[in-house]
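Heads up: the structure comes next, in structure tokens.
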Amino acid sequence: MRGGRHVAAVTDASFDLAAGECLALVGESGCGKSVLASALLGLLPGNAQTAGSAVVDGVDVLTAGEGTLARTVRGRRIGLVPQSPAAHLTPVRTVGSQLTETVRALTGARGRAADKAAGDAAGRAAFPADHLDRYPHELSGGLAQRAATALALVGDAPLLLADEPTTGLDRDLVEHTAAELRRHADQGRALLLITHDLAAARRTADRVAVMYAGRIVEIAGAEDFFDGPGPRHPYAGGLLDALPERGFTPIPGMPPELGDLPDGCAFAARCPRADTRCSAVPALTEGVACHHAEETQRV
């Protein structure tokens, strides 16, 4: 940043994701979820720096050059449902032409075969066939979301990053999209679902990773997280308690700015269990990063 200042947008993120599995990444806005997805696709801004490795289908995408990312990763190894779909659609091309072009580029299909594959992708995303000749500016937010989802599904990439894929959709379409994304994983591919919609996460995920202030603070099986013992980190428990069906209790306070993080646990200022131990950053141990994990096991 200006003046030589650095902002740690994501720190020590470590997880694996197997073929046939969905990992839901949840947390408040600004915690680093979309930055993590952008890093996996080489789409970070020019002033960003990365360290570590991220191996997807044999390719370390953090160290790969732009040529490798463009030719062999984006759309082929990793598909993306973007958080801002309208910004990722070409404004001077119809949805149908963009779908057909993507089919040709990723599958090699031509002519009627390409048109059919484009229509099939639109159907999978519940994008209406009679809207394929429309331009992005003629679409509602929900239709743009479905168009972007259709484009992401074309290549059947081994890893699909779905960043807020249910934004702007009504409940029936949320269910349809969640089911289609789950089908993607059930067919032997991996799905990283980034979402605020905990209902969609519960419907789709095998595991849940909770991010707070740039760090993953808990990783748990979805069944245990939503229906079993429950979250072990107090922030993760607060996310569930904020749901209408769980009491609608907000988490007090606000998340810290990533450029001004405290020296210790970033959640301490909002946590009722904080004490002197929280002056040190807790390590992610046995799936949870909290000095009080043994005290916050839910019943």
Mind checking the NE2-CG spacing from H131 to D133? Nearest 0.5 Å is all I need. 9.0 Å

Say you draw a straight line from NE2 of H196 to CD of E28; how long is it, rounded to the nearest 0.5 Å? 8.0 Å

Do the charged groups of E218 and R232 touch, with an N to O distance under 4.0 Å? no

Same cluster for L62 and V10 if Ile/Leu/Val/Met/Phe/Trp/Tyr side chains link at under 4.5 Å? no

Within a strict 4.5 Å, meaning less than it, do heavy atoms of the R189 and L159 side chains meet? no

With no hydrogens and no angle check, is any side-chain donor or acceptor of E175 less than 3.5 Å from a backbone partner on D172? no

For E286, does the CD atom have more than 12 heavy-atom neighbours from other residues, nucleotides or ligands under 6.0 Å away? no

So, T204 side chain and A201 main chain: donor-acceptor pair closer than 3.5 Å or not? no

Under a 4.5 Å cut-off applied to non-hydrogen side-chain atoms, are L23 and L191 in contact? no

Looking at side-chain heavy atoms only, is the closest gap between L173 and D170 below 4.5 Å? yes

N/O donor-acceptor pair under 3.5 Å between Q98 side chain and T90 backbone: yes

Minimal non-hydrogen separation, E21 against D206, with atom names: CA-OD2, 3.3 Å

Start with the C-alpha gap between Q49 and H6, add the side-chain angles, then the distance that decides, and say whether side-chain contact (heavy atoms from CB on, under 4.5 Å) holds. CA-CA 10 Å; Q49 300 173 347; H6 288 76; 3.9 Å; yes

Would D57 and R77 pass as an ion pair if we require N to O under 4.0 Å? yes

Sequence neighbours left out, what pairs pass side-chain hydrogen bond (donor to acceptor under 3.5 Å, both in side chains) with at least one residue falling in residues 151-161? R124-D156

Does H291 use its side chain to pair, donor to acceptor, with the backbone of A280 at less than 3.5 Å? yes

Do V35 and L44 have side-chain heavy atoms sitting under 4.5 Å apart? yes

For the backbone of A157 and the side chain of H184, can you confirm whether one donor and one acceptor N or O come within less than 3.5 Å of each other? yes

Heavy-atom count check: over 12 atoms from other residues, nucleotides or ligands less than 6.0 Å from E257 CD? no

Just wondering, do L43 and R74 contact through their side chains at under 4.5 Å, heavy atoms? yes

Can you confirm whether V56 sits close enough to V73 that some side-chain heavy atom of one is under 4.5 Å from a side-chain heavy atom of the other? no

CG/L193 to CD/E164 distance, rounded to the nearest 0.5 angstrom? 8.0 Å

Quick one: salt bridge (charged side-chain N to carboxylate O under 4.0 Å, His left out) pairs with a partner in residues 31-53, sequence neighbours left out? none

So does P231 get a backbone contact from the side chain of H233, meaning a donor-acceptor N/O pair under 3.5 Å? no

Say whether, by atom type as modelled, one donor and one acceptor occur between the side chain of T177 and the main chain of V174 under 3.5 angstrom. no

Report the distance from atom NE2 of H88 to atom CG of L151, rounding to the nearest 0.5 Å. 11.0 Å

The criterion is ring pair (Phe, Tyr, Trp, His ring centres under 6.0 Å); which residues satisfy it with Y235, sequence neighbours excluded? Y212, F267

Is a side-chain donor or acceptor of E138 paired with a backbone partner of Y135 at a separation under 3.5 angstrom? yes

Using modelled atom types only, decide if a donor and an acceptor are shared between the side chain of S38 and the backbone of S34 within a distance under 3.5 Å. yes

Side-chain contact, heavy-atom cut-off 4.5 Å: V26 with T195? yes

May I have the step-by-step check of side-chain contact (heavy atoms from CB on, under 4.5 Å) for F225 and L240, ending in yes or no? CA-CA 9 Å; F225 187 87; L240 288 188; 4.0 Å; yes

Closest heavy-atom pair and its distance - A148, P85: CB-CB, 3.5 Å

Verify side-chain contact (heavy atoms from CB on, under 4.5 Å) between R134 and T94, making sure each step is shown before the conclusion. CA-CA 5 Å; R134 296 194 178 187; T94 65; over 6 Å; no

Crowding at CG, D263 (>12 non-hydrogen neighbours, <6.0 Å): no

In this structure, CG of L69 is separated from CG of L41 (nearest 0.5 Å) by 8.0 Å

Any donor-acceptor pair under 3.5 Å from R104 side chain to A109 backbone: no

With rounding to the nearest 0.5 Å, note down the distance linking CD in E180 to CG in L160. 10.0 Å

Do M211 and L36 come close enough that some side-chain heavy atom pair is under 4.5 Å? yes

